[in-house]
Amino acid sequence: MPPRLVWQALSLLLLAVVWHGAALVAPAATLPPPLEVGRALVVAVTQGDLLRHLGVTLARVGAAFVLSLSLGTALGVALGRMPLLDRILDGWVVFFLNLPALVTAILCFVWFGLGEAAALAAVAVNKIPSVVVTVREGARALDPGYDAVALAYRFGWRKSLVHVVLPQLAPYLMAAARSGLALIWKIVLVVELLGRSDGIGFKLHVFFQNFDVTGILAYSLAFIVVVQAIELAVLAPLDRMTRAWRG
């Protein structure tokens with residue numbers, strides 16, 4: 001096992017120990033111990049509806065992730081390569097970058113109804129500006145020498161994009177993707193809590209109404225584990241490939 005994973009495992013074990021110690025002195029209804037939450041998680045997986053709600057939330061996260069990264073990358077490259085357009089839209093980027101996710105979700109549900117499209121729009125509007133900012137910096141840092149080579153060999157825009165622009169943007173795209181995954185699932189939970197009838201966020205709202213802290217922690221833990229698995233199995237290997245290419 002890589003040393004980084006060993007340290008992460010030890011860190012999580014320490015967290016569990018601290019959690020257990022805090023549960024011993026806190027009221028049982030306020031902070032259940034890790035083993036009780038673990039048992040509730042097993043029951044929710046084997047006998048409850050956790051997997052269904054988890055699948056719904058993951059589908060929303062995936063759709064919002066692809067939408068935000070695609071639109072944010074296209075706009076970020078455009079702003080980084082076109083100074084006039086950047087000056088015109090910079091205020092827009094700053095405005096939406098500072099718009100709270102809660103406000104966006106409420107407005108989307110009020111304007112477009114409690115539908116799936118409104119939920120995805122609320123998530124995308126909150127995430128796209130941060131992707132734009134990251135990719136824009138990468139587009140500004142592109143080496144003009146490569147552009148000259150592409151022009152001399154008449155690459156065309158498609159070939160230039162694939163062989164010149166995207167390889168240089170890869171580290172910035174990875175940064176946007178990793179931060180995006182961490183942010184998008186949190187926004188999705190807020191959107192589900194406010195206006196959906198399924199998903200992890202919806203279940204957390206139900207548990208909150210019943211003051212079921214064990215259920216809140218169990219469902220939250222399940223989703224955190226899945227997102228961390230995506231990070232380790234997909235994003236981390238892609239990041240290493242990007243670094244190796246640059247090396």
Side-chain angles (χ1 to χ4, degrees), residues 5-65 99-110 114-116 118-120 122-123 126-127 178-233 235:
L5 294 182
V6 173
W7 281 107
Q8 282 188 345
L10 292 175
S11 178
L12 292 175
L13 179 61
L14 177 61
L15 175 62
V17 172
V18 173
W19 177 0
H20 182 75
L24 293 177
V25 298
T30 303
L31 183 62
L35 289 179
E36 182 177 338
V37 174
R39 285 192 293 268
L41 178 58
V42 172
V43 171
V45 171
T46 58
Q47 304 176 21
D49 55 2
L50 187 149
L51 294 181
R52 180 175 69 84
H53 289 288
L54 183 62
V56 169
T57 298
L58 284 175
R60 291 188 180 120
V61 170
F65 179 82
L99 186 65
L102 181 61
V103 174
T104 307
I106 292 173
L107 290 176
C108 284
F109 284 138
V110 170
L114 300 178
E116 204 65 40
L120 293 179
V123 180
N126 273 275
K127 180 53 191 170
R178 300 183 84 167
S179 64
L181 181 64
L183 179 62
I184 284 174
W185 78 261
K186 297 172 186 176
I187 301 175
V188 167
L189 294 189
V190 172
V191 170
E192 290 178 342
L193 186 147
L194 287 175
R196 304 307 298 142
S197 59
D198 51 14
I200 298 295
F202 165 74
K203 289 295 294 184
L204 293 180
H205 181 56
V206 173
F207 291 137
F208 168 73
Q209 291 179 322
N210 297 324
F211 203 73
D212 185 354
V213 179
T214 302
I216 292 174
L217 292 175
Y219 273 67
S220 300
L221 184 61
F223 200 73
I224 291 172
V225 169
V226 171
V227 173
Q228 184 63 25
I230 295 173
E231 160 70 23
L232 295 175
L235 296 183

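Since we're looking at a predicted model, the values are computed, not measured.
To the nearest 0.5 Å, atoms CD1 (Ile224) and CG (Leu217) are separated by 9.0 Å. In this structure, Gln228 CD and Leu221 CG are separated by 11.5 Å, a value rounded to the nearest 0.5 Å.
Under the side chain to side chain contact (heavy atoms under 4.5 Å, CB included) criterion, Leu24 pairs with His20, sequence neighbours left out. Under the side chain to side chain contact (heavy atoms under 4.5 Å, CB included) criterion, Val18 pairs with Leu14, not counting sequence neighbours. Every salt bridge (Lys or Arg N to Asp or Glu O under 4.0 Å) that Glu116 has, sequence neighbours left out, goes to Arg60, Arg196. Qualifying side chain to side chain contact (heavy atoms under 4.5 Å, CB included) partners for Ile106, counting only residues two or more places apart in sequence or in other chains: Leu102, Val110, Leu194. With sequence neighbours excluded, the residues forming a side chain to side chain donor-acceptor pair (under 3.5 Å) with Thr104 are Asn126, listed by chain and number.
Applying the salt bridge (charged side-chain N to carboxylate O under 4.0 Å, His left out) definition to pairs two or more places apart or across chains, none involves residues 24-34. Residues in residues 216-229 take part in no salt bridge (charged side-chain N to carboxylate O under 4.0 Å, His left out) pair, two or more places apart or across chains.
Formation of a donor-acceptor pair under 3.5 Å by the Thr57 side chain with backbone atoms of Ile200 is found in this model. In this structure, Thr30 contributes its side chain and Ala26 its backbone to no donor-acceptor pair below 3.5 Å.
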With side chain to side chain contact (heavy atoms under 4.5 Å, CB included) as the test, would you mind laying out the steps for Leu31 and Trp19 before giving the verdict?
CA-CA 9 Å; Leu31 183 62; Trp19 177 0; 3.6 Å; yes

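A pairwise comparison of heavy atoms in Ser179 and Lys127 identifies OG-NZ, 3.6 Å as the closest pair. Nearest approach of Pro32 to Val213, heavy atoms of both residues: CD-CG1, 3.7 Å. Considering all non-hydrogen atoms of both residues, Val191 and Phe109 come closest at CG1-CZ, 3.4 Å.
In this structure, Phe223 and Val61 have side chains that are in contact, with non-hydrogen atoms separated by less than 4.5 Å.
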Donor-acceptor contacts, no H, no angles, side chain residues 34-51, under 3.5 Å, sequence neighbours left out:
unit_1	atom_1	unit_2	atom_2	d
Glu36	OE2	Thr214	OG1	3.4
Thr46	OG1	Val42	O	2.8
Asp49	OD1	Tyr219	OH	2.8
Asp49	OD2	His53	NE2	3.1

